[in-house]
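First the structure, in the form of structure tokens, and then the observations on it.
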Amino acid sequence: MKYEPIAIEEKWQKKWEQDKSFKVTKDPHKKKYYLLEMFPYPSGKIHIGHVRNYTIGDVVARYKRMRGFNVLHPMGWDSFGMPAENAAIEHKIHPAKWTYENISHMRKQLKRMGFSYDWDREIATCDPKYYRWEQLFFIWMYEKGLAYKKRSSVNFCTKCDTVLANEQVEGGLCWRCGTEVTEKVLDQWFFKITAYINELLEYCDKLPGWPERVMTMQKNWIGKSYGCEVDFPMANGKGAIKVFTTRQDTLFGATFMLIAAEHPLVMELAKGKPCESNVRSFVEKVKKQDKLMRTSEYYEKEGLFLDSYCKNPLTGREMPIYAANFVLADYGTGCVMAVPTHDQRDFEFAKKFNLPLIVVISPKDRTLDPATMTEAYVDEGILVNSGQFDGMENTKVLEAIADFLESQGKGRRTIQYRLRDWGISRQRYWGAPIPMINCDKCGIVPVKEEDLPVVLPENVVFSPEGGSPLAALPEFVNTVCPSCGGKASRETDTMDTFVESSWYFDRYCCPDYDEKPGLDRRTLDYWMPVDQYIGGIEHAILHLLYSRFYTKVLRDFGVIGVDEPFTNLLTQGMVCKETMKCPEHGYLFPEQATDGKCHICRKDVIIGKTEKMSKSLKNVIDPDDLIQRYGADTARIFCLFASPPEKDLEWSSQGVDGSFRFLSRLWRIIDDYLEDIKTVSAPPKEALSAQGDLKALRRKTHQTIRKVTMDIEDRFHFNTAISAVMELVNTLYAVERPAKNDRNALAVIREALESAVLLLAPIVPHITEELWQIMGNQISVAEMPWPDFDPAIASEEEMTIVIQINGKLRSRMTVPVDEDGEKIKADAQADEKIVAMLKDATIVKVIYVPKKLVNIVIKP
RNA sequence: GCGAGAGUGGCGGAAUUGGCAGACGCACUGGACUUAGGAUCCAGCCCGCCCAAGCGGUUAGGGGUUCAAGUCCCCUCUCUCGCACCA
């Protein structure tokens, strides 16, 4: 019988579906395990990255199930977002239709991969039954001041025609389409993520199951820094400029003041002065420059004197005030004290405008001369020119100066963060409506809870010019004020889709719960938190930080009982493949480059570097093709075998062949033995005393169970787990075939074959179900307990001891495992080869590393 | 520039705690079976000298600690990722 993957896979998938094999319910008597993979955006088809991500997750889910856990393994759709709307504009198809069609196709594809989801828990975030609760939470957040509206300058992508959060701007470009981000002033809704900033930061050290890398990225993103807010009084006696600094140790060296060009204070100071019009054009210029600035490597430091002065609060020295292009308006106070001697940016600025330099930190080994300095001195040193603080170390004086400022009322300790509040307003249609109403009389009023959900209307008009289609729909906009009953208008912004993905894992616990607040606390207390979350590193900041924040908000509403949503996080690597390029015709698909020549011009094809699979590089693999040719099991095992999950995976079609060959090899050896082993059962644990080859096979079987269990349990290293089973299969091929009536020997064979099948069951579920069944087992392999190993059988009776002289391998010997250490040392020195080499040498010492080696240290 | 991670055969990768470097797979070579082989099975396969046995070398490069280093420490180089005027 031949291995026919397609027929087998479809057979078992049908059975799993009919039996609802992976349906799960709360069971207080069983230990729960919540395994979650990041849900996909329904873009149309699954790609190979999904295949890898979901395969990793499925192996863990199936493994934990075999280990007796009550496993929650759900799947759903992150189904709001721009591509649906773009499709509406381009192809005149409604976003809802487009989305649901994509979902139904992708659901089929996922089922065809054999993933063990509880499909009864499937959710789509664009379903009003889902987002109505999100609208409820929004109202609660509004009532608690955690959601607020603010007129603000925002990042705006002209192509997507929408606002972007800071986190969604990458190097000055839109994270999604790569268009340059511009600035726009709009009324925007924000979530007050900064209210939880300290808890978000503190828990970074309380999540040992997260990769260090991700935690570091989040910490940097939050960007907490300790410093002082210092008041610099205006020279004309009218008010003071507040400044944030982490370097109050350099305060005595501050010789001028810098203000962000966009800061309102700039125009205030220039008002009515001769420089006013110059300042205005400078500010306009900087505002335009701002977009371009971020994309260039280094930009010229520019500034303009505002014809104003303030005073250094400690020295009383007059400091000229400049507007500058390199000062950030939204960090600290938007004003910076400039210390040109100890800050490189200030140094460059001072040189350009010929401003005074005062050294206040002196290195220990030399003296600095302001006249000859070519760059700022930014290292540690001793304070000079700093009044009563002279002679102190700069790192130690920070506290003393902070105390002094506070005692004088000239400043106070403060903490600054890089993280801003989360702007969630989007001027788009395909998103969850923000449940707010604007009333001329009452202002902003929330929709009444009983009137939720605010359902997204279907009959909207899309135009390529953008703008919100909702705002153009009077029957949606026009409403009555819930408070006074007068005429009012609805909020037409929709929520950032990251809001939906911030709590979908909660909803999976009770997807049909339709009582307020949409989450059943008792059920969530059983399932939450997610024990293992798996997804791409690209979500290290955005999605994961927002989800952590939202979890804390819901916790404080009493809706859930956990502080953090994800106990363990695995970030899998990208799927990459080599690229092929013709010097004339650009990137080529593999089939366009036969024999290394371009299919059009026959020029030699250049094999490019290995890059993340993408359509434009023509190096993608279509999962459908893969399944058609090899079946889902081969796709699954290759994804796991080619590299450990957290590393990038380099696609190799020959590697896929190899994986298919292995499955065929497994199939064939069981098929070969089938008649002989049908009526024997696996050997009882101790009873059987096999000899020679068979004894070695039994040992190998138990060692393999041990290794595979450890590789999966401790570190998710499926690649080494698979190679261990390959070794077992190789051993089986090498064993001399026992006679048909040698039931003891056949029992050992059967044990090895069954173990291989059980160990591979989470990885390649279809072929193992089939093999398990044809071997005569009644119960589905997915329901079998994970095999145990017997340490006694797994342990070797003999061991190879390496003999080294001065650390170099010189000989080997085989001894019983329980051999005495002293005897081994003596035997090593008596070894034939060793004796010859020790002839004229003095033995300095002999080291025995138990079960490993003997090292003889000699002098010639 | 700052931070993190990585660098091992022709290739993907293994070596879990400082203890035989190169498991497993791919590619390649040879053999068997065969009308045939892009099927299957068996064998070989880090590099150099050598028919061989054997000897020497080898984990980006250099130095160090140690009886012993791919693994620990220091320096240099290369690559990847993240942040990047954050005062």
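Each chain gets a letter, A, B and so on, in the order the sequences are listed, and its residues count up from 1. Hydrogens, waters and symmetry mates play no part in the numbers below; they use all other heavy atoms, side chains included.
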Using a heavy-atom cut-off of 4.0 Å across all strands, would you classify [X] as base, sugar-phosphate, or nothing?
X	value
A/D346	nothing
A/T245	sugar-phosphate
A/Y417	nothing
A/V802	base
A/V327	base
A/D657	nothing
A/Q804	base
A/G658	sugar-phosphate

Determine the Euclidean distance between corresponding [atom1] atoms of [M] and [N]; express it in Å to zero decimal places.
N	M	atom1	result
B/A23	B/G38	P	27 Å
B/G57	B/G63	P	15 Å
B/A53	B/A60	P	29 Å
B/C72	B/U66	C1'	10 Å
B/C11	B/U17	P	27 Å
B/C83	B/G70	C1'	31 Å
B/U71	B/U16	C1'	12 Å
B/U76	B/C26	P	42 Å

Select from A/I856 and A/R812 the residue whose nearest nucleotide in RNA chain B is closer to the 5' end of that strand. A/R812
With nearest nucleotides of RNA chain B determined for A/G807 and A/S659 from heavy-atom distances, which residue corresponds to the more 5′ nucleotide? A/S659
Please tell me which of the listed nucleotides, [options], lies nearest to the side chain of [X]?
X	options	result
A/Q654	B/C67, B/C26, B/C86	B/C26
A/N719	B/U40, B/C20, B/A14	B/A14
A/T800	B/C41, B/C20, B/C24	B/C20
A/R345	B/C67, B/C86, B/A23	B/C86
A/T246	B/A87, B/G13, B/G25	B/A87
A/R715	B/A87, B/G13, B/A15	B/A15
A/P644	B/U40, B/G13, B/C86	B/G13
A/M710	B/C26, B/U16, B/G13	B/U16
A/T216	B/A68, B/A87, B/G3	B/G3
A/S723	B/A68, B/C24, B/A27	B/C24

Residues A/D711, A/R715: salt bridge by 4.0 Å N-O rule: yes
I'd like to know if A/K577 pairs up with A/E650 as an ion pair, taking the criterion as any Lys NZ or Arg NE/NH1/NH2 lying under 4.0 Å from an Asp or Glu carboxylate oxygen. no
Give the rounded distance in Å between these two atoms: [atom1] of [X] and [atom2] of [N].
X	N	atom1	atom2	answer
A/L649	B/G13	CG	C1'	11 Å
A/L419	B/A84	CG	C1'	17 Å
A/M217	B/G5	CE	C1'	12 Å
A/H717	B/C24	NE2	P	19 Å
A/K845	B/U66	NZ	P	10 Å

Which base sits across from B/C79 as a Watson-Crick or G-U pair, both distances under 3.5 Å? B/G5
Check for me whether A/K301 meets the cation-pi criterion with A/F326, that is, NZ or CZ under 6.0 Å from the six-membered ring centre and within 45 degrees of the ring axis. yes
Relative to A/Y673, does A/R737 satisfy both conditions: NZ or CZ under 6.0 angstrom from the six-membered ring centre, and within 45 degrees of the ring's axis? yes
So, applying side chain to side chain contact (heavy atoms under 4.5 Å, CB included) with A/Q572, which one of A/T55, A/I56, A/L649 is it? A/I56
Test for a donor-acceptor pair under 3.5 Å between the base of B/U16 and the side chain of A/K707, counting only N and O atoms. yes
Please state whether the rings of A/Y377 and A/H342 are parallel, tilted or perpendicular, taking 30° and 60° as the class boundaries. perpendicular
Think A/K808 has a side-chain N or O under 4.0 angstrom from the OP1 or OP2 of B/G57? yes
So, OP1 or OP2 of B/C42: does either fall under 4.0 Å of a side-chain N or O from A/Y733? no
